[in-house]
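Structure first, commentary second.
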Amino acid sequence: MSFLHLFWFQWRVKAVFTSEDRMRRDITSGRWKSYASISQQLHVTRCVTLSPKSYHLKFEDCQHSKEVGFESSDPNFSVRPDGSVYAEQEVANLSEPIQFMVTARGGHDPHIWETTVKLALVGHQPSVPVSQVNIYTLLSFTLHSSANGLRRQKRDWVIPPINVPENSRGPFPQMLVRIRSDQDLEKGIRYSITGAGADQPPIDVYNIDPVHGKMFVTRPLDREERASYHLRAHAVDMNGNKVESPIDLYIYVIDMNDNRPEFQNQVYNGSVAEGSKPGTLVMQVTANDSDDDTTANGMVRYRILSQTPHMPIPNMFTINSETGDIFTMAAGLDREKVSQYIIIVQATDMEGNLNFGLSNTATALISVTDINDNPPELTARTFSGEVPENSVNVVVANLTVIDRDQPHSPNWAAQYRIASGDPQGHFLIRTNPVNNDGMVTVVKPVDYEQNRAFMLTVIVSNKAPLASGIQSSLQSSAGVTISVQDVNESPVFPTNPKSIRFEEGVPAGTTLTVFAAQDPDLFIQQTVRYSKLSDPANWLRINRTNGQITTMAVLDRESMYVRNNIYEATFLAADNGSPPASGTGTLQIHLIDVNDNAPVMMPKEAQLCERANPRSKVNITASDADADPHVGPFVFELPSYPPSVRRNWTVSRISGDYAQLRLRIPYLDAEVYDVPIIVSDSGNPPLSNRSIIKVKVCPCDDNGDCTTTGAVAAAGLGTGAIIAILICIIILLILVLVFVMWMKRREKERQAKPLLIDPEDDVRDNILKYDEEGGGEEDQDYDLSQLQQPESVEHIISKPVGVRRVDERPIIAESQYPVRPSLPHPGDIGDFINDGLRAADNDPTAPPYDSLLVFDYEGSGSTAGSVSSLNSCSSGDQDYDYLNDWGPRFKKLADLYGGGDDD
């Protein structure tokens, strides 16, 4: 039985040359195992000349064989039996990697093991990468003794991961590993690989020699596209039968430093407050490297290349090389001097190694934000202004201020406060939002007679408090002098409005009061004159010089011009200043009520049943225009005259303001009665009024309500009036009916008129006058008078008898046509039309005139042919008898062509 054995070995040689050409050797040897990876590298750090010195390599195999021989395919290098690698001669150029094959052979084992050694400079980027791995899988078997003799023990395939550097320049295809089965000596074996990179996308990155089992990479790899591959190797015989179980191949792409760090943004924006202490975090910049971040290829380091401007020092900021955090490094940030810094940041991979790493740059814009480190300062120690007295909302002075903080920010915006000099609050300082000036404004009128000037102390500050450690400036306060200008003020009524009390009804000419005004201008002697401005009822008069008010009419509290017992009038007081000034005052007269209005009874109409019953009654009351106590309670009583009033009616009191009117007798005829009632108020002395109430007495139903007939009778309509109304209604209906019948008959007549005459028989001739034409083509000289209309009757008479023009009317008596009656009967219309047609047919004066016609001479010849040459298009005899049916006007043609008899 055949067994599959897989043996690997690994060695790694790392040589570092010093300036004294001494070499330190770090040799790591691998043991013979059933699984191992073969990775060999020789790194030369400085010297490009490799001296013939040895590098000792120790090996141990699984069988503990001590006789292992090595052979090198490059004569410049050799491997001793003890594992020492020697350079047989100096190697002057290592710009390209040196590769040679090493073969290992056991003393009593017929099988061999092979590997490849490559030499490259450390830190140099050769065309073939520094880390190059070639793996050969060698298959062997071991004979073991047993009771039945020799047998072979089969082992599973176990292959360590294969490391392949990216961006290799070849040559391609480049062999990676060799796979062999211990049965390839007995039968033909075919090898194949499957998986992503072989027969799956990406396809054909790897292939295998089906006969020899050598697997190759066909093109350069890119770790950033794919970092690893997982393939499976298969071994089958010529018939496709599986010979060995599939083996897993793991291929890892080793990273090369082929990607620069990339910043997430080309421009970063950050800010830091002015006056910040060293070590204050400003912002962070970040760069990403697509290379392996577990190696130096992807480890990015940051540094600041430049700072603009270099104020106050060139290195105001520093950066954390690993995180990209930018910090302040020194004190002295001042926005008023430098408001923005431009920082160029560089990111370098290879842990910041500028010799081997790749770099990229970005810009960081650092804005220095403002703090309130500059107090506002007034531009002067004193300011002045003027204000006319009694003015309001007028700017009297403008205070200018300087603040070096950021404009239009709370650190810059000024606030003004009046510290002293205005105890009554006449002034207010508003801030101009555009230029930050302080506008001193009058908010309460000032009086020249009381204060001729104001001395204000003003303090200015910012909306935001000052930063810590900043003191207010001495120039943050100033004095403001405001001078008051005297103007001519209006006269003022001391009491406005002025109220007085008087009883209504005072007679005209009564003096009510003196309504005088005072002139506030104490330092100017002026005269005040009075006039009436508003007097709705025209009851009052005012003395022009002293303001005394008297009545012109009787004052009436019940007037429509009085509201809530108060009458108001407005008066004007004007001085003689320059310019004149005037003031108004209102006089309110509270009118005291007197009993001057008699009460009026309500309602004016009522309704009662003709028979007395408890429900047949009328509630009455009264109204009085006076006020209390000149109103109710009211007294209601019936007058003694006429006697029938008290005989038929009675009044009983219900309350102070209400009474009831009833029938005194059991029955009263249905009619409308005027019942007089005397109403008296409670004034002193009382006033009475005789009022009339119209009471409609009517028959009532069981509910005490007037019936319809009774209501009509009570309204005063007798039987005769009702009959007259009914007759009028009947007559009106008859007239409407007659009018409708007449309209229908007229409509029928209008529709019957067009049917009396057949439209086909309505033949009407129109005389058409055409323009006159000249003679023929050869006629150039002829008398045109023959073609013109006759100008007079004499011209027609002078012509021979029987010779006239077609358009000349015969001079004979005209036929008499029938006269249509003004209102013909519809049945006579047809006869009227027939008579008219008959008269027109027999009228020789009607056009066309039937006579011998003479035409004017038009020349001796014409280029046109004679019309006599025209023949009828019809063939044979034609029957013209139908002309007899066309009426009298076609009778002549019917006689000529139809063969009829002449009339």
Side-chain angles (χ1 to χ4, degrees), residues 557-558 593-730:
R557 190 195 68 85
E558 290 76 30
D593 184 42
V594 297
N595 192 17
D596 57 347
N597 292 278
V600 178
M601 188 188 66
M602 296 182 301
K604 298 297 184 181
E605 295 180 355
Q607 184 173 284
L608 283 177
C609 295
E610 61 184 359
R611 297 187 180 278
N613 59 73
R615 291 180 294 181
S616 181
K617 57 187 177 180
V618 177
N619 293 330
I620 58 176
T621 185
S623 64
D624 196 324
D626 292 325
D628 218 22
H630 304 296
V631 289
F634 299 104
V635 176
F636 301 90
E637 58 183 349
L638 296 174
S640 59
Y641 183 85
S644 60
V645 175
R646 293 191 175 184
R647 183 175 61 248
N648 296 334
W649 307 92
T650 180
V651 175
S652 59
R653 184 172 181 175
I654 299 176
S655 63
D657 296 332
Y658 291 91
Q660 284 185 349
L661 176 65
R662 296 172 178 268
L663 285 174
R664 179 182 292 273
I665 60 179
Y667 175 81
L668 187 64
D669 293 336
E671 196 175 342
V672 178
Y673 296 91
D674 292 335
V675 181
I677 298 177
I678 299 175
V679 184
S680 302
D681 59 19
S682 299
N684 186 17
L687 294 180
S688 300
N689 183 25
R690 181 186 176 98
S691 300
I692 301 296
I693 179 173
K694 288 183 176 294
V695 180
K696 297 178 182 180
V697 179
C698 59
C700 296
D701 54 16
D702 297 337
N703 296 324
D705 299 327
C706 283
T707 60
T708 305
T709 305
V712 174
L717 295 178
T719 304
I722 296 174
I723 294 174
I725 292 174
L726 292 176
I727 292 174
C728 292
I729 294 175
I730 293 173

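Along the sequence shown, residues are numbered consecutively beginning with 1.
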Sorted by chain and residue number, the salt bridge (Lys or Arg N to Asp or Glu O under 4.0 Å) partners of Asp593 (sequence neighbours excluded) come out as Arg557

Once salt bridge (Lys or Arg N to Asp or Glu O under 4.0 Å) is applied, do any residues pair with Asp628, and if so which ones, sequence neighbours excluded?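 Salt bridge (Lys or Arg N to Asp or Glu O under 4.0 Å) list for Asp628, sorted by chain: empty.
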
Sequence neighbours left out, what pairs pass disulfide (SG to SG under 2.5 Å) with at least one residue falling in residues 596-657?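 Counting only pairs at least two positions apart or across chains, the disulfide (SG to SG under 2.5 Å) contacts touching residues 596-657 are Cys609-Cys700.
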
Which atom names give the shortest non-hydrogen contact between Val645 and Pro639, and what distance separates them?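 Shortest heavy-atom separation between Val645 and Pro639 comes out as CG1-CD, 4.3 Å.
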
Closest non-hydrogen atom pair between Ala598 and Asn689, with its separation: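 Heavy atoms only, the tightest pair is CB-CB, 3.9 Å.
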
Distance from [X] atom [atom1] to [Y] atom [atom2], nearest 0.5 Å?
X      : Y      : atom1 : atom2 : result
Glu610 : Ile665 : CD    : CD1   : 11.0 Å
Asp681 : Phe634 : CG    : CZ    : 6.5 Å
Ile620 : Gln660 : CD1   : CD    : 9.0 Å
Ile654 : Lys617 : CD1   : NZ    : 6.5 Å

Using the side chain to side chain contact (heavy atoms under 4.5 Å, CB included) rule, take Ile677 and Ser691 through it: C-alpha gap first, then chi angles, then the decisive distance, then the call. CA-CA 5 Å; Ile677 298 177; Ser691 300; 5.5 Å; no

Just wondering, do Asn648 and Tyr673 contact through their side chains at under 4.5 Å, heavy atoms? no

Less than 4.5 Å apart, side chain to side chain, heavy atoms only: is that true for Ser682 and Val631? no

Near Tyr641 OH, under 6.0 Å, is it more than 12 heavy atoms from other residues, nucleotides or ligands?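 Counting other residues, nucleotides and ligands, OH of Tyr641 stays at 12 neighbours or fewer.
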
Counting only heavy atoms not in Tyr658, do more than 12 fall under 6.0 Å of its OH? no

